[in-house]
There are 2 protein chains.
Amino acid sequence: MSVQERKERERAARERLIVATARELAEQQGWDAVTTRLLAERIEYSQPVLYSHFRGKREIIGAVALEGAAEMAAAVRAAVSGANSPRERVAALARAYLDFAERNPAVYDAMFQLDGGLAFADEDTPAPLKDAFAALLESLGEVAGDGVHPGLFTEVFWAALHGLATLTRAGRLPPQDTEPRVELLVDRLAMV
Amino acid sequence: MSVQERKERERAARERLIVATARELAEQQGWDAVTTRLLAERIEYSQPVLYSHFRGKREIIGAVALEGAAEMAAAVRAAVSGANSPRERVAALARAYLDFAERNPAVYDAMFQLDGGLAFADEDTPAPLKDAFAALLESLGEVAGDGVHPGLFTEVFWAALHGLATLTRAGRLPPQDTEPRVELLVDRLAMV
DNA sequence: ACTCGATCCTAGCACTGCTAGACAAGCGAG
DNA sequence: CTCGCTTGTCTAGCAGTGCTAGGATCGAGT
């Protein structure tokens with residue numbers, strides 16, 4: 001069975017290569033440039049190979065989104081761990097979130113803007129997505145305030161961050177005032 | 001010159017027909033279904049006619065977005081006018097905003113999600129967009145709180161609403177808890 | 001060494017946004 | 001009333017998209 005195991009390993013490696021290449025291409029030239037043809041050429045295989053790994057382009061986007069969710073969760077947790085007061089934890093979380101969105105715009109798009117065919121806020125939501133939300137909940141739950149459901153508070157805070165991230169990146173908000181916006185958001189929403 | 005005037009009138013009418021049909025089609029079947037072919041068929045002209053009115057599909061989306069911005073501004077102002085306390089004004093504004101996004105998802109997408117080729121937060125931003133932001137500013141500026149720039153406060157509040165609207169509609173947030181989310185947002189952010 | 005199944009690629013389909021060039025309709029001039 | 005000409009419209013087609021059927025090829029197990 002060693003042969004089969006090797007093939008499966010190689011296959012898994014190729015799948016990772018597809019996802020990594022798609023992500024790289026999207027970050028460099030935007031998701032519009034991630035055509036199945038160009039992606040196939042970059043991984044040095046023909047188009048149909050992509051479809052032996054994924055149902056279609058949507059699933060490739062979804063795979064990038066899952067990868068991004070795991071990274072974002074880690075980034076948020078790392079940022080939070082360096083702060084000691086609840087106020088600083090929330091501020092660090094907000095900055096880490098917006099920073100991630102700014103540095104990985106294509107991944108952020110894959111997660112929230114594009115259709116990756118992923119289920120959200122559901123029982124069959126993929127684990128990385130649930131965990132990313134959990135990472136937010138861990139720090140935000142403690143500042144929800146009396147009588148406010150931590151989950152609900154996290155949703156609202158997250159929505160505010162998401163709004164700032166998308167509107168800024170789409171040119172709807174001038175980018176220079178990000179820091180005061182974060183300050184305002186944290187000061188008002190979090191009960192410290 | 002009467003002949004030319006008539007022609008210009010007819011041409012303007014056809015342009016309105018294009019925008020209205022695109023919007024209708026998008027609301028019914030989503031923007032993916034708004035292909036230039038189908039749109040042309042619906043208005044009972046051939047494809048190139050579309051390109052004699054707009055540079056391309058982007059500009060058609062942009063036209064829908066401008067129409068939507070005007071309507072949203074009106075909806076917000078109408079909702080606000082019925083409330084007397086600042087607290088109620090802000091709450092009414094928030095509900096009107098989210099209500100508009102929910103009832104006109106395709107228009108909302110044209111405004112904020114899709115690329116309509118419009119300039120934002122810029123000097124050559126089209127008037128309807130500036131006015132829509134002004135409509136928000138009128139009611140939100142008064143509850144910004146001491147020492148907080150009204151424009152900055154409006155941006156943050158708007159971003160929060162935008163986040164709630166998009167995440168809810170994309171299935172990222174369960175739709176039933178919209179009202180408590182609005183309550184939380186208004187209670188915390190607005191200084192009344 | 002050979003068979004046969006897994007794996008991959010070539011070629012192509014239906015569709016997209018967009019455009020060149022042929023064609024017809026309707027205007028103003030004689 | 002007729003004739004040229006501008007203006008407007010349509011047919012046909014291009015290049016590119018996601019996706020797939022079917023044949024070629026390669027390699028593992030007998």
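A, B, ... follow the sequence lines: proteins, then strands. Residue 1 opens every chain.
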Whole-Å gap separating [atom2] ([N]) and [atom1] ([X]):
X: A:L50; N: C:dC9; atom1: CG; atom2: P; answer: 10 Å
X: B:K57; N: C:dG17; atom1: NZ; atom2: P; answer: 4 Å
X: B:L25; N: C:dT16; atom1: CG; atom2: P; answer: 11 Å
X: B:E10; N: D:dT7; atom1: CD; atom2: P; answer: 16 Å
X: A:E41; N: D:dG18; atom1: CD; atom2: C1'; answer: 17 Å
X: A:H53; N: C:dA6; atom1: NE2; atom2: P; answer: 16 Å
X: B:R55; N: C:dC18; atom1: CZ; atom2: C1'; answer: 14 Å
X: B:D32; N: D:dG18; atom1: CG; atom2: C1'; answer: 12 Å

Would a distance-only check, ignoring hydrogens and angles, find a side-chain to backbone donor-acceptor pair under 3.5 Å from [X] to [Y]?
X: A:W158; Y: A:F133; answer: no
X: A:R172; Y: A:L167; answer: no
X: B:E27; Y: B:A106; answer: yes

### Query
If you take atom types as modelled and just measure distance, does the side chain of A:Q47 reach the base of C:dC9 with a donor-acceptor pair under 3.5 Å?
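In this structure, the two groups form no donor-acceptor pair.
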### Message
Using a distance-only criterion (donor-acceptor N/O pair, under 3.5 Å, no hydrogens), is the base of C:dG17 paired with the side chain of B:R37?
### Response
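Check passes, donor-acceptor contact within cut-off.
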#### Entry: Contact nearer the 5' end of DNA chain D, comparing A:R58 with B:S52
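Checking each residue's closest nucleotide, the 5'-ward one belongs to B:S52.
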### Query
Within 45 degrees of the axis of the six-membered ring of B:Y45 and under 6.0 Å from its centre: does B:R14 put its NZ or CZ there?
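Satisfied, under 6.0 Å and within 45°.
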### Query
Quick one: is D:dT9 close enough that its OP1 or OP2 comes under 4.0 Å of any side-chain N or O from B:S46?
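Checking B:S46 against D:dT9: no side-chain N or O falls below 4.0 Å of OP1 or OP2.
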### Message
With a 4.0 Å cutoff (strictly under), does any side-chain N or O of A:T36 reach OP1 or OP2 of D:dG18?
### Response
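Yes, such a contact exists.
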### Query
For the rings on B:H162 and B:Y108, is their centre-to-centre separation under 6.0 Å?
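Yes, the ring centres sit under 6.0 Å apart.
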### Query
How would you label the contact of A:R14 with the nucleic acid (heavy atoms, under 4.0 Å): base, sugar-phosphate, or nothing?
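Sugar-phosphate: the residue A:R14, judged by heavy atoms under 4.0 Å, touches backbone atoms but no base.
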### Query
Considering only D:dC10, D:dG18, C:dC8, which nucleotide approaches the side chain of B:P48 most closely?
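When the side chain of B:P48 is considered, D:dC10 is the closest of D:dC10, D:dG18, C:dC8.
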